[in-house]
Amino acid sequence: MLNDAVAPEIVPAAGSDKDAPLKEDIRLLGRLLGDVLREQEGDAVYHVVETIRQTSVRFRREADAGAALELDAMLKELSREQTISVVRAFSYFSHLANIAEDQHHIRRRRAHLLAGSPAQKGSVSFALKKLRAAGVPRATVDTFFQDALIAPVLTAHPTEVQRKSILDAEHDIARLLAERDLPQTPKERHANLQLLRSRVATLWQTRMLRYSKLTVADEIENALSYYRITFLRELPGLYDDIEDDIAAEYPNGDGTIEPINAAYVQMGSWIGGDRDGNPNVNAGTMQHALARHATTILDFYLDEVHALGAELSVSTLMVGVSAELQALADQSPDASPHRSDEPYRRALIGIYARLAATARALGATNILRKEVGPAAAYPDAAAFVADLRTIVASLESHHGAALVRPRLATLARAADIFGFHLASLDMRQTSDVHERVLADLFAQSGVAADYTSLSEEDKQALLLSELAQPRLLYSPYIAYATETDSELAILRAARDIRQRYGARAIRNYIISHTETVSDLLEVLLLQKETGLLRTDWQAGESTCELMVIPLFETIPDLQRAAGIMSEVMALPLVKQLIAKQGQLQEVMLGYSDSNKDGGFLTSNWELYKAELALVSDFRKAGVKLRLFHGRGGTVGRGGGPSYEAILAQPPGTVNGQIRLTEQGEIIASKFSNAEIGRRNLELLVAATLEASLAPQAANPAHAGELAQFEAVMAQLSDLAYHAYRHLVYETPGFTEYFFSATPIAEIAELNLGSRPASRKANQRIEDLRAIPWGFSWGQCRLLLPGWFGFGSAIEAWIDQADGASKDEKVATLRAMYAEWPFFATLLSNMDMVLAKTDLAIASRYAELVADQDLRERIYKRITDEHGNTLRCLELITGNTERLAGNPLLARSIQNRFAYLDPLNHLQVELIKRNRALSAESKIDERVHRGIQLSINGVAAGLRNTG
């Protein structure tokens with residue numbers, strides 16, 4: 001792994017000349033890591049690492065039983081100190097390989113652009129060319145961008161363990177690696193190498209993980225680091241690129257570019273506002289989150305305005321300015337005679353002073369550069385943008401248009417996108433909590449003694465009656481339950497935050513486990529109790545500040561979703577509130593819980609059906625639907641390539657409106673490199689544009705064919721559901737097997753997030769949160785939530801005696817794969833999961849199950865289904881190799897697994913030690929640390945398992 005002699009293990013396949021730079025980068029980083037390991041830990045540890053790697057490779061490639069025994073014995077003999085060093089070595093190599101791979105993606109994309117190749121699939125330019133070829137006019141494209149909302153929403157992750165210090169060091173390594181592609185003198189090359197060596201050494205000497213419990217504040221800071229690395233500059237820059245792409249594809253007669261004034265991509269966050277299952281989130285965390293958001297964005301604005309002041313040295317002795325700009329300069333606290341003829345600088349000094357005052361008013365405590373003099377704080381971000389637009393207009397009308405684009409236009413764009421709030425903070429709580437809070441309020445006010453016992457019909461009648469009353473249920477003179485006080489305080493904090501930071505700071509309230517109409521009405525009533533829903537009783541009009549968004553998660557919830565929304569949208573009050581929302585209503589769909597509930601195939605099918613039903617019912621109601629996709633990193637939680645996922649959405653479900661979650665190591669994978677981050681943001685825009693405006697594909701050519709495909713899918717889903725449920729929920733001992741054969745117990749007890757792994761203190765699969773459920777299967781390399789049940793379903797359906805021959809049924813499945821984007825994407829994602837699944841590694845984890853009969857019985861069920869699934873996938877696609885359609889990813893997986901496998905073997909050994917100690921009521925912090933490091937390394941190596 002770590003020197004030139006063994007580097008060929010990670011070299012791409014022969015003949016892949018375009019990947020030669022990747023080989024060189026990985027060899028270089030591996031050699032530097034090896035040098036650091038020798039220097040810091042000594043030759044003995046270095047040779048232990050190499051021996052483990054070589055034995056692990058033999059175990060993988062030859063399925064050598066002797067290698068397994070040899071590896072097991074070797075790992076048992078490691079001292080605790082050696083174990084930590086070995087785990088760290090392989091974990092860091094996973095991280096370094098990711099950096100090299102990302103740099104290679106950037107390199108290949110630039111080579112593509114420099115060669116003048118056609119626009120790449122997934123780019124906005126490609127989407128625009130496709131739309132223009134289909135006859136979509138420029139006006140339609142302009143309308144799309146004016147009305148669209150595309151919102152990646154960063155969420156906290158119970159398994160995310162990355163530290164900002166590590167991210168910073170890795171960012172430097174990526175930058176230095178990129179510099180090596182530029183022409184360098186021998187001296188510059190040597191200096192670059194020395195800096196790389198020092199950064200790798202810094203990594204080795206830096207604690208990779210947190211060993212104190214992660215707090216919500218830590219999670220907020222972790223997320224904010226990606227804004228500084230990527231979002232603050234790359235998102236405004238992407239807007240500029242898109243304007244250029246539109247102008248190139250749809251040129252105006254006079255050659256001018258019409259600016260897009262809408263903020264069609266906006267950032268969202270759950271971190272600090274998501275209370276579902278997290279007792280550590282409260283009114284204080286929401287207020288802290290917005291204060292940190294505001295400080296981050298205002299620091300950025302202050303730096304940019306300061307830089308602009310240095311750049312815009314324009315003198316009125318040389319060129320004139322607008323009256324508005326002169327007035328702005330005259331309002332500045334800067335009275336220096338040295339700048340009397342430099343109105344732009346004076347105006348910017350005034351803007352800086354106003355921003356500094358704004359920052360202090362919004363919670364900033366440390367402004368690095370003191371302003372020249374006092375100035376009034378901005379009342380809102382729009383006033384700041386107006387001042388910037390004044391400067392832009394003056395420059396453009398006085399021969400200074402060339403001075404706008406480099407920084408000023410991008411800053412004005414950033415202010416449009418981020419305001420003073422940076423990202424919209426979503427609130428989320430489970431419906432059960434709302435019910436308990438209102439039961440307390442109803443009981444204490446004498447309105448209803450036992451609200452929870454009422455029928456759904458009676459609940460709705462009571463809630464609507466209270467919403468029609470001017471008076472409140474709450475009294476400041478009554479003692480309520482602690483939970484009631486906390487929930488009401490959170491809603492009051494939301495109202496204060498909106499007043500302080502702007503309406504976009506908090507605008508959504510998500511209800512987990514939405515099962516009834518009353519679940520939505522309860523949140524409306526709680527908003528009324530806290531001043532967020534107000535009614536003009538004389539006019540009979542109500543206004544609600546937070547959109548109430550149902551989250552449908554389980555299979556039964558998804559099946560009820562359209563009916564619930566039809567019923568609630570028919571209520572006069574809700575109709576009025578939706579009209580105030582621009583005749584728009586959002587619905588969130590949960591991929592994680594539906595998968596844990598019903599398995600991969602059924603989850604995807606029920607989501608598809610729910611979306612189609614919602615589109616139909618919303619169309620009937622005359623309401624625009626915005627879907628919020630609660631996707632995780634792993635395919636079992638709705639993950640997979642975002643571009644393909646958006647294009648595979650059922651017709652009519654995008655329409656320029658989409659929100660989707662980004663979580664855990666997926667955030668680091670997508671956004672820890674600025675250029676990769678911009679590309680991922682562009683993929684979202686391009687896919688949404690294409691899915692919204694491109695004419696529907698010709699295939700399936702006939703509605704009857706699509707109906708046949710859907711009928712087959714319904715049968716397959718039913719069969720897969722029963723196969724999955726039978727294993728997970730109906731097989732005696734399965735829960736014991738899962739908790740023994742995966743690191744779920746270790747994940748739950750280690751400091752991997754601010755949120756508990758389970759909603760309740762038990763070992764029921766039903767109460768386990770979906771994220772650690774999927775993450776645990778990823779760690780042991782089975783990734784069961786991403787494929788189990790598929791093989792059984794296909795085989796059973798083909799064997800059914802229903803009048804069609806087996807050959808005819810296989811032909812139907814192949815037609816579904818060839819002609820139906822939904823089914824093709826489903827199989828593509830499953831193909832990726834199966835490429836990352838490794839039964840040899842999983843067998844080592846199965847050995848952790850003490851009951852031999854239980855271990856053999858359940859592991860055989862799993863491996864049999866794995867074999868069925870592979871055979872059926874190959875039967876449908878015709879591909880006997882995994883990822884035949886994505887050779888780049890196939891090479892990436894193949895190359896890195898020889899270095900990922902040792903981490904799994906080490907993790908198994910550490911889990912054995914940890915559980916043996918626990919049985920004796922003992923704790924070894926170094927063993928805990930080793931497990932946590934191995935979890936981080938495996939997640940980094942697989943890249944989308946959370």
Would Asp380 and Arg504 satisfy salt bridge (Lys or Arg N to Asp or Glu O under 4.0 Å), going step by step from the backbone distance to the final call?
-> CA-CA 11 Å; Asp380 52 40; Arg504 282 200 288 157; over 6 Å; no

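Side-chain contact check for Leu577 versus Leu533: some heavy-atom pair is nearer than 4.5 Å. Considering only heavy atoms from C-beta on, Glu611 comes within 4.5 Å of His629 through its side chain. Counting heavy atoms from C-beta on, the side chains of Leu607 and Phe552 never come closer than 4.5 Å. No side-chain heavy atom of Asp485 sits under 4.5 Å from any side-chain heavy atom of Thr482. Inter-residue side-chain proximity for Val623 and Met565 is flagged as unmet; no heavy-atom pair is nearer than 4.5 Å. Residues Arg678 and Glu675 are not in side-chain contact: their nearest non-hydrogen atoms beyond the backbone lie 4.5 Å or more apart.
Listed by first then second residue, pairs satisfying salt bridge (charged side-chain N to carboxylate O under 4.0 Å, His left out) with a partner in residues 542-551 read Arg498-Glu545, Arg534-Glu545, not counting sequence neighbours.
Side chain of Glu682 to main chain of Val124: a donor-acceptor pair is present (N/O by atom type, distance under 3.5 Å, no hydrogens or angles). With Asp240 contributing its side chain and Glu243 its backbone, the two residues share no donor-acceptor pair below 3.5 Å. Gln585 contributes a side-chain N or O that, together with a main-chain N or O of Val548, makes up a donor-acceptor pair within less than 3.5 Å. Proximity of a side-chain donor or acceptor of Tyr239 to a complementary backbone N or O of Tyr264 within less than 3.5 Å is detected. Checking side-chain atoms of Asn595 against main-chain N and O of Ser592 turns up no donor-acceptor pair under 3.5 Å. Judged purely by atom type and a 3.5 angstrom limit, Ser672 uses its side chain to pair as donor or acceptor with the backbone of Ala668. One N or O on the side chain of Lys580 and one on the backbone of Ser542 form a donor-acceptor pair closer than 3.5 Å. In this structure, the side chain of Glu522 does not engage the main chain of Leu438 through any donor-acceptor pair within 3.5 Å. Looking at Thr430, its side chain never comes within 3.5 Å of a backbone N or O of Val433 through a donor-acceptor pair. Under the 3.5 Å distance criterion, the side-chain polar atoms of Glu553 are matched with a main-chain donor or acceptor of His513.
A ring-centre distance under 6.0 Å is not found for Phe671 and Tyr226. Ring-centre distance between Phe418 and Tyr301: not below the 6.0 Å cut-off.
Geometrically, Arg428 does not engage Phe628 in a cation-pi contact defined by less than 6.0 Å to the ring centre and at most 45° from the axis.
Residues passing the ring pair (Phe, Tyr, Trp, His ring centres under 6.0 Å) test with Tyr501: none are found, sequence neighbours excluded.
Between the CG atom in Leu520 and the CD atom in Glu515 there is a gap of 12.0 Å [rounded to 0.5 Å]. One distance of note links CD1 of Ile578 with NZ of Lys624; it measures 14.5 Å at 0.5 Å rounding.
Considering Asn278, Thr155, Thr661, Asp426 in turn, Asp426 is the only one that fulfils the side-chain hydrogen bond (donor to acceptor under 3.5 Å, both in side chains) rule with Trp270. Between Glu487 and the options Arg492, Arg436, His434, Arg275, a side-chain hydrogen bond (donor to acceptor under 3.5 Å, both in side chains) holds for only Arg275.
A salt bridge links Arg233 to Glu304: at least one charged side-chain nitrogen sits closer than 4.0 Å to a carboxylate oxygen.
Between the side chains of Asp387 and Tyr378, at least one donor-acceptor pair of N or O atoms lies under 3.5 Å. At a cut-off of 3.5 Å, with distance as the only test, a side-chain donor of Ser594 or Ser603 sits close to an acceptor on the other residue. Residues Tyr352 and His306 have side chains that never bring a donor and an acceptor to within less than 3.5 angstrom of each other. For Asp218 and Thr215, the side-chain atoms include at least one donor-acceptor pair closer than 3.5 Å.
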